[in-house]
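I have a structure I would like to understand better, so I am pasting it below and will then ask my questions one at a time.
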Amino acid sequence: MYMKKPILLTGFCLLFTMIVTSSAEAQSQKSPMPSIKVGSYNVCSSHARKHGIKDGKFKTPQKYWCNSADAVAQMIHELDCDVIGLQEIGDTTWGLYGDHDLRNLVAAKRPKKDQYIWVLYENHPKRIIHYDNAIGFRKSRFKLLDDGIFYLGGVPDKPQVLPGIAKGAARPVVWVKLRDKVSKQDFYFFSIHLILERSVDNDGRNLYNAQQFVKIASELMPEGSRAIAVGDFNAHFNNVSYNCISEAGWSNVCQGLKKQGKLASHVLSAGSQPTKDETGWGKWFPDHIFTKGFEHVSFDIDRRMLSTADGTLHYPSDHFPIFAEIIFE
């Protein structure tokens, strides 16, 4: 008689385990971890566009900001990222000089319920926006928990460099801390633009900037934080500055998916910049999306030409936007 109790108890435990397991599997099927579409787009500052026209880098006046601003806005709208980092933002781009405010142009193309919130800081001693970065995130998807700006010249809270550091190394990094309203998960997002490493006066500023980013970001974020860093890193996959970031625990979406054989042929065959005369695609790849604490689903590059002010088709910038779908680990 006493032998029946353990048997009944064992049966009850087995039944309970089956119910819990079945419930967990059903819950998993009903509520998969939501994906986030992230993007990065160097929009080419109005200052750089003027010099590009003057120096012959750009073959058409349609590259002027006044002629291509709406095309840039259209590209951002059609990318439809949940969160996106922009580079080369200036006073004109942000509507402080002239009437081609990128924020307003993007907003005019989107329904009221699907607008972006934009984060940008003055980044110059003269209290202007110069060669800056910005972040836009979908208001309906995320809650802003914190934001800020830091600089990579060795003086984190000011746009200046330490003695002995080359001029121009005080590049800004704009960041936000967001809470995903769907999954209730928090993460950091950085928009970055490092110095051109291929320049003839290569003096190590790109590597120094990369080292500073790794250092400051690690000090800013609590250990184990999820994070995304996007931007124009001005470094190909084999550059020392790129390796500095990847070796610090940041996972590159493009390279990670490439190793898994999950990249489309057009991503494998060309870089993220057009050729100077707009006849094709360049081979160099300076733009990247790095993550911590995310799984990578897809990566792509938008290489379309869009209509500019006179109706002709052109690449809206001297960079192509890159974008990826990722999910929380």
Pair Asp82 + Lys37: basic N to acidic O under 4.0 Å: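 Answer for the salt bridge query: no.
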Aromatic plane relationship, Phe290 with Tyr242 - under 30° parallel, 30 to 60° tilted, over 60° perpendicular: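 Tilted.
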Heavy-atom check, side chain of Leu102 versus side chain of Trp65, under 4.5 Å: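 They are in contact (side-chain heavy atoms under 4.5 Å apart), so the answer is yes.
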Distance flag, aromatic centroids of His288 and Phe237, threshold under 6.0 Å: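 Judged by ring-centre distance (under 6.0 Å), Phe237 and His288 do meet the cut-off.
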Residue among Asn133, Asp132, Asp157, Val119 satisfying side chain to side chain contact (heavy atoms under 4.5 Å, CB included) with Ile149: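 Only one option passes, and that is Asp132.
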Pairing residues for Asp70 by the salt bridge (Lys or Arg N to Asp or Glu O under 4.0 Å) criterion, not counting sequence neighbours: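 Testing Asp70 for salt bridge (Lys or Arg N to Asp or Glu O under 4.0 Å), a comparison that skips the adjacent residues, returns Lys109.
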Check: Cys254 and Leu263 side chains under 4.5 Å, non-hydrogen atoms: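 They are in side-chain contact.
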List the atom pairs, donor and acceptor, that lie under 3.5 Å between side-chain atoms in residues 46-53 and the rest of the protein, sequence neighbours left out.
| residue | atom | partner | partner atom | Å |
| --- | --- | --- | --- | --- |
| His47 | NE2 | His51 | NE2 | 3.3 |
| Arg49 | NE | Cys44 | O | 2.8 |
| Arg49 | NH1 | Lys63 | O | 2.7 |
| Arg49 | NH1 | Ser68 | OG | 2.6 |
| Arg49 | NH1 | Pro316 | O | 3.3 |
| Arg49 | NH2 | Val43 | O | 2.6 |
| Arg49 | NH2 | Pro316 | O | 2.8 |

Ring geometry between Trp175 and Phe190 (parallel below 30°, tilted from 30 to 60°, perpendicular above 60°):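 Judged by the thresholds at 30° and 60°, the geometry between Phe190 and Trp175 is tilted.
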NZ/Lys276: more than 12 non-hydrogen atoms of other groups inside 6.0 Å: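 Counting neighbours around NZ of Lys276, 12 or fewer heavy atoms of other residues, nucleotides or ligands fall under 6.0 Å, so no.
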Proximity of Tyr151 and Tyr121 rings by center, below 6.0 Å: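 They do not qualify: ring centres at least 6.0 Å apart.
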Residues in salt bridge (Lys or Arg N to Asp or Glu O under 4.0 Å) contact with Lys283, at least two apart in sequence or another chain: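 Salt bridge (Lys or Arg N to Asp or Glu O under 4.0 Å) list for Lys283, sorted by chain: empty.
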Separation between CG of Leu178 and CG of Leu145, rounded to the nearest 0.5 Å: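 One finds 7.0 Å between CG of Leu178 and CG of Leu145.
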Results of side-chain hydrogen bond (donor to acceptor under 3.5 Å, both in side chains) for Arg110 - residues two or more places apart only: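 With sequence neighbours excluded, Arg110 shows a side-chain hydrogen bond (donor to acceptor under 3.5 Å, both in side chains) to His77, Asp80, Asp114, given in chain and number order.
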Heavy-atom side-chain contact between Phe142 and Ile117 under 4.5 Å: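 SC-SC contact between Phe142 and Ile117 ruled out.
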Student check: side-chain heavy atoms of Met305 and Thr312 closer than 4.5 Å: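 With C-beta onward as the side chain, the pair stays apart.
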Min side-chain heavy-atom separation Asn67-Asp310 under 4.5 Å: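 Answer no - side chains too far apart.
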Pairing residues for Glu78 by the salt bridge (Lys or Arg N to Asp or Glu O under 4.0 Å) criterion, not counting sequence neighbours: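 Partners of Glu78 under the salt bridge (Lys or Arg N to Asp or Glu O under 4.0 Å) test: Arg304.
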Flag, side chain of Arg171 to backbone of Leu152, donor-acceptor distance under 3.5 Å: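 The answer is no, because no donor-acceptor pair under 3.5 Å joins these two groups.
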Got a list of side-chain donor-acceptor pairs under 3.5 Å for residues 318-329, not counting sequence neighbours?
| residue | atom | partner | partner atom | Å |
| --- | --- | --- | --- | --- |
| Asp318 | OD2 | Lys57 | NZ | 3.4 |
| His319 | ND1 | Asp287 | OD1 | 3.1 |
| His319 | ND1 | Asp287 | OD2 | 3.0 |
| His319 | NE2 | Gln273 | NE2 | 3.0 |
| Glu325 | OE2 | Ser35 | OG | 2.9 |

